[in-house]
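So the structure is just underneath, and the comments pick up after that.
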Amino acid sequence: MDVKNRVALVTGGAHGIGRALCRALHIEGAQVAVADLDSEQAKKVAGEIGGLAIGLDVSREADLVAAIEKVERELGPIDIFVSNAGVAFGDGPGGAASAPDRNWKACLEVNLMAHVYAARAMVPRMKQRGGGCLVNVASAAGLLCQVGEAAYTASKHAAVGFAESLAITHKDDGIHVCLVCPQAVATRMIGVDEDTELEDGSTGFGGNDVDGILSSEYVADCILAGIQQERFLILPHPQVSTYFQRKAMDHDRWISGMRRFRRKIGGETE
Ligand SMILES: NC(=O)c1ccc[n+]([C@@H]2O[C@H](COP(=O)([O-])OP(=O)(O)OC[C@H]3O[C@@H](n4cnc5c(N)ncnc54)[C@H](O)[C@@H]3O)[C@@H](O)[C@H]2O)c1
């Protein structure tokens, strides 16, 4: 899809990957709505790119529907909807099941249900208009595993499954689905100041930097190319494809390897 003169809504557009994508879409000639819980920062980003700022909580279906209606009233029909907002909290001290319910719920609501709510509102509209593009930002954790992040990993696996279902069901309606699965990206989510100047592939953040940390700008360019080329799976870290194949070929061996990796980043010796 050519993004020039298209209308795009990006959730989580105030920071990190979403902010970089808003800027990249604007440079390519799209009209962009910057939607975020952090409405002050959304206003700043929208002001910078001549876009529309929307304050919303993506875990509330009514907020998402109201945002879509506002954007369609003010900018026109949405051609590209990017479900990018995401949260992660880490496991509790007792391991994989020990995070409090509120964190599990927030992961499932923001990382999964917000994608469902967006698609529920957008699919009939796009179908009626003959097509559109839904971009769902999951994570490599949705194909593999983020060590120490059981709720995040489970929610991202669910997001991957949902994006597959959407793509399989709605391609014939003219709706293209992009699924984005990066490893580490230099944003607040992994404790990096999002304005840090960083060389792509930088290291230095413990277990997160296994294949290098990418900048938000690089990841945004990958997403843009994926939209333009109508690809399903967008892997800014190409290594993820190999890991995913290894996991599929021998799941038990992959679990053993991940256990060794967990011990290593925890500072334990073999
Ligand atoms: N940073 C990474 O290493 C990494 C790796 C893989 C995938 N991702 C995914 O990329 C996406 C973007 O994350 P990021 O790294 O830019 O992090 P970030 O924390 O910089 O940005 C996340 C944005 O989502 C917004 N947000 C959070 N909850 C919200 C809600 N309920 N309603 C509306 N907005 C909300 C935040 O305000 C923020 O602007 C997430 O889905 C994340 O899981 C990030």
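When a ligand or atom number is given, it counts from 1 through the structure's own listing order. The figures here come from the full heavy-atom set of this structure, side chains too, leaving out hydrogens, waters and symmetry mates.
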Handout entry: SB check Lys70 Glu74 (cutoff 4.0 Å)
Key = yes

Practice task
Ignoring hydrogens and angles, state whether a donor on the side chain of Thr11 or Asn84 is under 3.5 Å from an acceptor on the partner side chain.
Solution key: no

Problem - Polar proximity ligand 1 side, Leu37 side, N/O cut 3.5 Å exclusive - result: yes

Problem - Side chains of Tyr152 and Asp91, donor plus acceptor under 3.5 Å - result: no

Practice task
For Asp2 and Arg6, work out which heavy atoms get closest and say how close.
Solution key: O-NE, 3.0 Å

Handout entry: Whichever hydrophobic residues join Val3 through chains of side-chain contacts under 4.5 Å
Key = Met1, Val10, Ile17, Leu21, Leu25, Val32, Val34, Val45, Ile49, Ile80, Val82, Val135, Val137, Val180, Val185, Leu214, Tyr218, Val219, Ile223, Leu224, Ile227, Ile234

Exercise for the section: May I ask you to check if ligand 1 and Ser59 share an N or O to N or O distance below 3.5 Å? Expected result: no

Exercise for the section: Answer yes when Arg19 and Asp38 have at least one side-chain N-carboxylate O distance shorter than 4.0 Å, and no when they do not. Expected result: no

Problem - Contacts of type side-chain hydrogen bond (donor to acceptor under 3.5 Å, both in side chains), residue Arg60, not counting sequence neighbours - result: none

Completion exercise
At under 4.0 Å between heavy atoms, what of Val87 touches ligand 1? The answer is side chain

Practice task
Flag Ser139 as yes when one of its N or O atoms lies below 3.5 Å from any N or O atom of ligand 1, and as no otherwise.
Solution key: no

Exercise for the section: Using distance alone, decide if ligand 1 has a nitrogen or oxygen within less than 3.5 Å of any nitrogen or oxygen in Pro182. Expected result: no

Problem - Heavy-atom proximity to atom 18 (P) of ligand 1, best of Thr187, Ile213, Val192 - result: Thr187

Practice task
With heavy atoms under 4.0 Å as the rule, classify the contact between Val110 and ligand 1 as side chain, backbone, both or neither.
Solution key: side chain

Exercise for the section: Indicate yes or no: does an N/O atom of Ile17 lie under 3.5 Å from an N/O atom of ligand 1? Expected result: yes

Exercise for the section: Answer yes or no: does an N/O atom from Val185 fall short of 3.5 Å to an N/O atom of ligand 1? Expected result: yes

Problem - ligand 1 to Glu194 polar contact by distance, N or O atoms, under 3.5 Å - result: no

Problem - Among Ala14, Gly86, Gly16, closest by any non-hydrogen atom to atom 22 (C) of ligand 1 - result: Gly86

Handout entry: His176 side chain to Lys171 side chain, donor-acceptor N/O pair below 3.5 angstrom
Key = yes

Handout entry: Polar proximity ligand 1 side, Asp38 side, N/O cut 3.5 Å exclusive
Key = no

